[in-house]
Each structure stands twice: as C-alpha cells, then as structure tokens.
**Student:** 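Take this structure first; my questions come after.
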Amino acid sequence: MRTEDSTRGWPWRIHGDGKTIRPGEIVLPEERMTWPRTIGIGAQHVVAMFGATFLVPLLTGFPPSTTLFFTAIGTLLFLLITKGMMPSYLGSSFGLLAPIGAVTGFAATSGEKLESNAMALAQGGIISVGVTLALVGLVVHFAGVRWIEVTMPPVVTGSIVALIGLNLAPAAWGWVQEAPLTAVITIAAIIVSSVLFRGMLGRLSILIGVLVGYGAALIQGEVDFSTVATASWVGLPTFHAPAFDLGYLGLFLPVVLVLVAENIGHVKSVAAMTGRDLDGLTGRALFADGLATTIAGAGGGSGTTTYAENIGVMAATKIYSTAAYFCAAIIALILSLLPKFGEIIATIPPGVLGGAATVLYGMIGLLGVRIWVENRVDFSNPINLNTAAVSLIVAIANYTWSPAGLEFAGIALGTASAIVICQVMTLIARWRGTAPVPRSGAEAEEPEVTDRR
C-alpha cells in the first residue's frame with residue numbers, strides 16, 4: 001500500500017475524460033468525474049444514507065430535519081479535517097439510540113413533541129460523547145492507534161457493538177405492540193427486498209421496507225398529516241439548546257468505544273478498496289467525527305458516524321471521490337431547509353418504526369458477531385468466552401447501578417465488564433500461562449471490506 005495521508009484531496013482533478021471509468025480503474029479520492037456525474041453520485045450517497053439516518057431521530061423523537069442539517073455540516077467538516085482524502089458521509093449513529101432512549105424514554109411517536117428537558121439532557125450526553133471522541137482522535141493522531149487495539153481486541157469490540165443492539169430489543173417491541181400488522185408488513189418488506197433486488201436497491205432494504213410499511217399504514221389510516229399542512233416550504237430547522245447532568249455520563253460515554261471502532265473500520269475499508277495506507281488519517285477521522293457529534297448535540301441533532309451504506313455505493317461504482325460526498329452534503333443541507341419535507345418524514349407511525357427497529361436493532365447486535373467472525377475469535381478460549389458471556393447478559397437484562405447519584409445501566413456496565421474481564425483475565429493468563437492471549441486488532445487478519453455503524 002502507498003501512504004497518501006500527506007496529500008490533499010482538492011482541488012479535484014478530472015479522472016480520464018471525466019465520463020468513463022476503464023475496466024480495472026477506480027476514481028481516487030482526489031479525483032472526480034464531470035460535475036453532472038459527480039452530483040449524480042452524490043445523490044446516490046444521499047439515498048443510501050437516507051433511510052438509516054432518518055430512522056435514528058424518528059426512533060428517539062429528535063427533529064428529522066435538524067438531524068439531517070447536522071449530518072450535512074458534519075460531513076463537510078469531516079472532508080475538511082481529513083484533507084479531502086477520506087470519502088465518507090457522517091450519518092446518524094445507531095450507537096447513541098440506547099442512551100438517548102434511556103433519557104427520553106422512547107416515548108415520542110408521530111404527532112407528539114418530545115419533552116423539552118429530556119431532549120436537552122440527551123443532547124448534553126451526545127456532546128460528552130463528541131468531546132471525548134475528539135480527544136481520543138487527538139491522542140491517536142499523535143500517539144498512533146496501537147493502544148486502542150491492545151485495550152479493545154476483537155472480542156471486546158464485538159461484545160460492545162453486540163450488546164448495544166440487544167439492549168434495545170424492548171423498545172422495538174413497544175412500537176410493534178401499537179400496530180402489529182403494520183410492523184409485520186414492514187419487517188417482511190425489509191427481508192424480502194434485501195434478496196429480491198440486486199445492486200443499489202438491495203442495499204436500500206431498510207428504506208424500501210419503511211416505504212412499504214408506510215403505504216400499509218396509510219391504507220389503515222394510521223398516518224396523521226395535520227402537521228404537514230401548517231409547515232413552511234422553506235426555513236431553518238428547529239434548533240434546541242442542550243442541558244447537562246453528570247448522572248447520565250455512564251449511559252453515553254461507552255458509545256465512544258463503538259464510534260472509535262466504527263471510524264477505524266471505515267479507514268481500513270477505504271484503505272483496502274483504494275490500495276492506500278490511510279492509517280495516518282485515523283486520528284483526523286476520529287477528531288472530525290467527534291467535532292461533528294459535538295456540534296450536532298449542541299443544536300439538537302443526533303450524533304454522527306461513518307456509514308456502511310456509503311461504503312457499498314463506493315464498492316459498486318468504484319468512485320471514491322470526496323467531491324461526490326461534498327455534493328451529497330450540499331444536497332442533504334438543501335433538503336434540511338425544507339420544513340414540509342421534514343414534517344412528512346415525521347409522520348411515519350409507530351408500527352413502521354417498530355418493524356424497522358426490530359430488524360435494525362438485530363442487525364446492530366449481529367454486527368458485533370460479524371466482528372468476532374471476521375477476526376476469528378476463538379470462544380474455546382475462556383478469556384473470550386467470559387468476556388462476551390458476562391457483558392451480553394449484563395446488557396440484555398439491563399443491569400443497573402446507581403452510586404452517589406450517578407446511574408450506570410446495561411450498556412455502560414456491559415461495556416465495562418467486557419474491558420475489565422478481558423484485561424484482568426489476560427493478565428492472569430500471562431502470569432500463570434494458562435490460556436492463549438486474545439489477538440489485538442492489529443494482529444488479527446484484516447477483512448477485505450468492513451464498516452460498522
């Protein structure tokens with residue numbers, strides 16, 4: 001691999017004639033096609049991230065247009081901070097669903113306004129995640145990523161990602177109970193579309209499932225359009241001021257570890273596809289995502305992260321141009337300035353959300369399993385077995401601990417369990433020579449293309 005982190009991605013140069021890509025060629029981050037084609041690819045990236053990015057605010061009660069606005073701003077910042085060399089769209093992070101829901105109660109449904117104080121406190125938690133992630137990015141930029149790989153070997157990373165998804169299961173069931181038929185139709189549409197269609201459509205199964213479920217909800221009279229008629233066509237999104245409570249830090253800070261894993265996975269994925277050594281940009285990517293998440297939390301948007309859907313678009317088109325992501329961010333920004341569009345999105349009813357959440361939360365859980373599989377985690381090793389076993393049960397049962405006014409729930413305790421058990425057992429095993437030590441991320445075989453949200 002060639003090291004390219006010292007170059008800049010702009011001004012973008014034209015790839016070939018700007019109209020065609022020869023067999024075996026790729027469009028590099030610092031290249032672009034003609035602007036009409038680049039804008040078209042950017043629109044594809046918007047469609048790819050759209051379904052999942054909007055699901056997060058809908059599932060947590062946050063304003064969809066505000067979230068979209070901050071994903072656009074965050075993406076532009078990401079491109080700037082990574083010097084135009086790291087193609088990525090920063091969509092809504094699924095890792096923050098559980099802590100936001102713990103604060104807001106997952107009570108928001110179509111036509112209801114989220115309780116203002118609960119939303120402000122959730123925003124404060126998002127800011128704490130963003131600031132911490134930015135600090136981690138600075139440390140990685142100057143000290144390298146090896147210390148993260150040692151602290152969080154694949155068994156720990158996989159456990160943390162898996163336990164977040166599994167901890168959310170009761171929230172999905174709550175929505176499904178409100179409209180079981182609509183939820184089942186949504187689930188069926190997502191499952192069928194993922195194998196019925198090829199290429200781009202196959203990667204948009206969640207979006208397709210939501211559209212089909214929405215149609216079913218319309219037929220059953222479950223959609224309320226009252227807020228759409230009163231919304232303006234053009235205007236700024238609704239912004240909200242944050243509030244802070246140290247008691248919620250235990251809910252939010254474990255998500256930092258997930259975002260670290262996601263960003264590192266994204267950097268390695270792009271490096272594998274472009275044939276470049278991009279490790280020098282890892283710290284910048286982490287810092288950029290942390291800054292974007294902080295800004296989003298300050299204004300009322302969900303936290304951000306890199307997106308697997310957009311990795312899929314790049315793999316299919318062979319176009320890794322950051323110019324396409326610049327166009328995607330501009331398109332998303334324009335859509336966020338259309339309040340009526342945002343209100344239409346907000347009409348998606350609980351049954352559809354429940355169906356989508358059932359699949360989505362399960363996928364998050366299985367992403368952790370995929371990390372184990374890709375890195376060949378050996379569960380005959382008692383270190384790996386106990387690390388995963390205890391942390392998953394703590395999260396699924398939602399163990400809680402409230403010392404001195406602080407609250408630590410299933411995700412925080414499960415995350416702590418995974419890290420502590422792995423490190424303590426590893427130290428004992430090394431001392432006694434009783435079990436093989438789990439491999440770090442650097443020692444594990446790299447997958448060809450991976451990205452974890």
Side-chain angles (χ1 to χ4, degrees), residues 1-53 71-72 75-76 78-91 193-208 265-278 280-281 285 306-335 446-451:
M1 285 190 178
R2 293 174 294 141
T3 301
E4 299 287 346
D5 62 300
S6 60
T7 62
R8 291 184 181 276
W10 50 66
W12 300 281
R13 65 175 185 268
I14 299 291
H15 175 85
D17 62 2
K19 298 178 181 179
T20 58
I21 305 174
R22 295 177 181 177
E25 289 186 346
I26 63 173
V27 179
L28 295 169
E30 67 271 20
E31 298 178 327
R32 66 172 176 85
M33 307 300 285
T34 60
W35 279 116
R37 288 172 173 78
T38 300
I39 292 171
I41 295 297
Q44 270 191 281
H45 282 299
V46 172
V47 173
M49 67 84 190
F50 189 85
T53 286
T71 66
T75 299
L76 292 173
F78 186 92
L79 296 175
L80 177 65
I81 293 171
T82 58
K83 303 185 294 184
M85 293 303 298
M86 183 57 62
S88 177
Y89 192 93
L90 293 188
S193 62
S194 66
V195 292
L196 181 64
F197 301 113
R198 296 178 180 177
M200 183 69 177
L201 283 177
R203 295 188 181 91
L204 299 176
S205 58
I206 291 179
L207 179 59
I208 293 171
H266 184 83
V267 172
K268 291 185 179 298
S269 295
V270 175
M273 292 188 293
T274 59
R276 292 180 164 181
D277 180 0
L278 299 174
L281 291 173
T306 52
Y307 257 38
E309 285 87 344
N310 298 102
I311 284 284
V313 173
M314 290 191 289
T317 62
K318 306 302 180 185
I319 297 175
Y320 305 97
S321 171
T322 52
Y325 283 99
F326 175 82
C327 293
I330 297 301
I331 293 170
L333 186 63
I334 292 172
L335 290 176
E446 288 187 12
E448 291 184 3
V449 177
T450 60
D451 187 41

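Numbering of residues begins at 1 and proceeds along the displayed sequence.
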**Student:** Is there a donor-acceptor pair closer than 3.5 Å between any side-chain N or O of T322 and the backbone N or O of P29?
**Tutor:**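 A pair under 3.5 Å: yes.
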**Student:** Testing the basics here: between F326 and L79, what is the closest heavy-atom pair and its distance to 0.1 Å?
**Tutor:**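 Closest approach of F326 to L79: N-CD1, 3.6 Å.
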**Student:** Under 4.5 Å between any side-chain heavy atoms of H45 and Y89, yes or no?
**Tutor:**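 SC-SC contact between H45 and Y89 ruled out.
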**Student:** Should H15 and L28 be marked as a side chain to side chain contact (heavy atoms under 4.5 Å, CB included) after you check the CA-CA gap, both sets of side-chain angles, and the distance that decides it?
**Tutor:** CA-CA 8 Å; H15 175 85; L28 295 169; over 6 Å; no
**Student:** For T75, which residues count as a side-chain hydrogen bond (donor to acceptor under 3.5 Å, both in side chains) partner, sequence neighbours excluded?
**Tutor:**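 T75 satisfies side-chain hydrogen bond (donor to acceptor under 3.5 Å, both in side chains) with no residue once adjacent residues are dropped.
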**Student:** Are M273 and I26 close enough, and set up right, to give a side chain to side chain contact (heavy atoms under 4.5 Å, CB included), and what steps lead you there?
**Tutor:** CA-CA 9 Å; M273 292 188 293; I26 63 173; over 6 Å; no
**Student:** So how far is it from L278 CG to M86 CE, rounded to the nearest 0.5 Å?
**Tutor:**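 Rounded to the nearest 0.5 Å, the CG-CE separation comes out at 4.5 Å.
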**Student:** Please evaluate residues E31 and I14 with respect to the criterion side chain to side chain contact (heavy atoms under 4.5 Å, CB included), reporting the C-alpha separation (whole Å), side-chain torsions for both, the decisive distance (0.1 Å), and the verdict.
**Tutor:** CA-CA 6 Å; E31 298 178 327; I14 299 291; over 6 Å; no
**Student:** Could you tell me which non-hydrogen atom of I41 sits nearest to which non-hydrogen atom of A324, and how far apart they are?
**Tutor:**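 Taking every non-hydrogen atom into account, CG2-CB, 3.7 Å.
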**Student:** Nearest 0.5 Å, what's the CG-CG distance between L76 and L90?
**Tutor:**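 If we round to the nearest 0.5 Å, L76:CG and L90:CG are 9.5 Å apart.
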**Student:** Quick one: does I319's side chain get under 4.5 Å of M33's, heavy atoms only?
**Tutor:**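 A side-chain contact exists here, since the closest heavy-atom pair is under 4.5 Å.
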**Student:** Output, in order, the C-alpha distance, side-chain angles, deciding distance and verdict of side chain to side chain contact (heavy atoms under 4.5 Å, CB included) for R32 and R37.
**Tutor:** CA-CA 9 Å; R32 66 172 176 85; R37 288 172 173 78; over 6 Å; no
**Student:** Check C327 against I39 and note the closest heavy-atom contact, atom names and distance.
**Tutor:**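 So the two residues come closest at SG-CG1, 3.8 Å.
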**Student:** Which heavy atom in A332 sits nearest to a heavy atom in V46, and how many Å separate them?
**Tutor:**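 Residues A332 and V46, closest heavy atoms: N-CG2, 4.4 Å.
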**Student:** Determine, stepwise, if the pair Y325 / S88 fulfils side chain to side chain donor-acceptor pair (under 3.5 Å).
**Tutor:** CA-CA 7 Å; Y325 283 99; S88 177; over 6 Å; no
**Student:** Looking at every non-hydrogen atom in both residues, tell me the closest pair between G91 and T53 and how far apart they are.
**Tutor:**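 Shortest heavy-atom contact: CA-OG1, 3.5 Å.
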**Student:** So, do W12 and T38 sit near enough that their side-chain heavy atoms are less than 4.5 Å apart?
**Tutor:**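 Contact flag for W12/T38 side chains = no.
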**Student:** Determine, for E25 against K318, whether the closest basic-nitrogen to carboxylate-oxygen distance falls under 4.0 angstrom.
**Tutor:**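 Not counted as a salt bridge, because no side-chain N and carboxylate O are separated by less than 4.0 Å.
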